[in-house]
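Just so we're clear, the structure is a prediction, and the values are computed from it rather than from any experiment. To find a chain, count down the sequence lines: A is the first, B the second, and so on, and within it residues start at 1.
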Amino acid sequence: MRFTLEIDPLDLDQTLGCGQTFRWRRLPDGSWTGVLSDQLMTVRRNGRELHAEAFPGGAGARDLLAEHLRVGDDIGRIQRRLASDPVLRRGMGGLRGLRIVKLDEWECTVSFVLATYANIPRISKMIESLAAAYGKRIAPGIHAFPTVGRLRRASPGDLRRLGLGYRADYIHGVCAALGEDDLGRMKGMGFEELRAGLMALPGIGDKVADCASLFGFGRLEAFPIDVWMERALERLYRQKGSHARLRRFASERFGAYAGYAQEYLYYNERVLASDGACALSDK
DNA sequence: GCCCAGGAGTGTG
DNA sequence: CACACTCATGGG
């Protein structure tokens, strides 16, 4: 099933390849393919339009992609709000196509538990292994992300054999701790309550809770801090200290769109700074 | 071989 | 609050 989505601005390479989401793959022609819920999606940008193909397709496929790419986000408005910060003001124009992604709450939570102390290629591999072993089959070699109920059947030993390492015990513990609709009820919580609820789960500290809040629950005020963000905050803002202190700094400075600020800073630091091609600078 | 990775948990000053 | 240490492993 083919369809078209109007969305602008959008840079697929920046949005899908920068570590917010782990199941998209870039094809040599510049299109991207990945699994959303129970759909295999392939997308290609053409100006303001995104041409998509979904398999098996169906009524919900279009909404699924639209929600995933947050078509409702007004990037111009968000950047005008963030322009009160001089560091972002100068360089973020080049990152207008870098959109925050909206993932399924459960998939996102598990993905970022797996992301602890692993690099992005390995995170992708662990997720694909989980899907292949426990996810519903969509097409040959393509599987949906496993539901809580299916993943609950995996023992810690099973999960270790999939290459998860010590994360196997965390995933097992999260499955055991969650009732069927616990995450569903958390959608209605305020940010701090949601964050505390997530951090009550095994393997979820403040970084993972903020990633799940931002990319899974769609809370744009969340500001995940990892080693790249520590580097960016020190290099561009001369800010050091505990994560609690850095989060307060970010909250006061970036407000309701801290998540977008974080993504710009993260992308700039991880992808561009190593090439000396920074979009953002403190000068 | 070496270094590091979108950290968390626990224990100690 | 800060720091130290362990956890297990593969990708570049």
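Shown here are the salt bridge (charged side-chain N to carboxylate O under 4.0 Å, His left out) partners of A:D11, two or more places apart in sequence or in another chain: there are none. Every salt bridge (charged side-chain N to carboxylate O under 4.0 Å, His left out) that A:R152 has, sequence neighbours left out, goes to A:E180. A:Y264 is linked by a ring-ring contact (aromatic ring centres under 6.0 Å, His included) to nothing, counting only residues two or more places apart in sequence or in another chain. Not counting sequence neighbours, the partners of A:D73 by the salt bridge (charged side-chain N to carboxylate O under 4.0 Å, His left out) test are A:R70. With sequence neighbours excluded, no residue forms a salt bridge (charged side-chain N to carboxylate O under 4.0 Å, His left out) with A:R45.
For the segment residues 94-109 of chain A, no residue has any heavy atom less than 4.0 angstrom from an atom of DNA chain B.
Taking 4.0 Å as the cutoff to heavy atoms of chain A, we find the contact window on DNA chain C bounded by C:dC1 to C:dG12.
Within the 4.0 angstrom heavy-atom criterion, base atoms lie near A:P224. At a threshold of 4.0 angstrom between heavy atoms, the contacts of A:A168 with the nucleic acid are absent. A:R231 comes within 4.0 angstrom of the backbone, heavy atoms only, and of no base. Within the nucleic acid shown, A:E230 has no heavy atom closer than 4.0 Å to any nucleic acid atom. Among the protein residues, A:I120 comes within range of the sugar-phosphate backbone only, with heavy atoms under 4.0 Å from sugar or phosphate atoms but none that close to a base. At the heavy-atom level, A:F215 lies under 4.0 Å from base atoms of the strands shown.
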I'd like a table of atom pairs between the protein and nucleotides 1-3 of chain B - only N or O on both sides, under 3.5 Å - with the distance next to each one.
none

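Annotation: side chain to side chain donor-acceptor pair (under 3.5 Å) contacts involving residues 84-96 of chain A, sequence neighbours excluded, comprise A:D85-A:Y237, A:D85-A:R253. Among residues at least two apart or in separate chains, there is no side chain to side chain donor-acceptor pair (under 3.5 Å) pair with a member in residues 109-121 of chain A. Contacts classified as side chain to side chain donor-acceptor pair (under 3.5 Å) and involving residues 208-225 of chain A (residues at least two apart or in different chains) are given here: A:R195-A:D210.
Aromatic pair A:F215/A:F22: ring centres not closer than 6.0 Å. Residues A:F217 and A:F191 keep their aromatic ring centres 6.0 Å or farther apart.
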* Classify every nucleotide of nucleotides 7-13 of chain B by which part a protein heavy atom approaches to under 4.0 Å, writing B for the base, S for the sugar-phosphate alone and - for neither, in 5'-to-3' order. => BSS----

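For the residue pair A:H243/A:E230, the side-chain donor-acceptor check at 3.5 Å is satisfied. For the residue pair A:R99/A:Q14, the side-chain donor-acceptor check at 3.5 Å is not satisfied.
No donor-acceptor pair closer than 3.5 Å links the side chain of A:R2 to the backbone N or O of A:A52.
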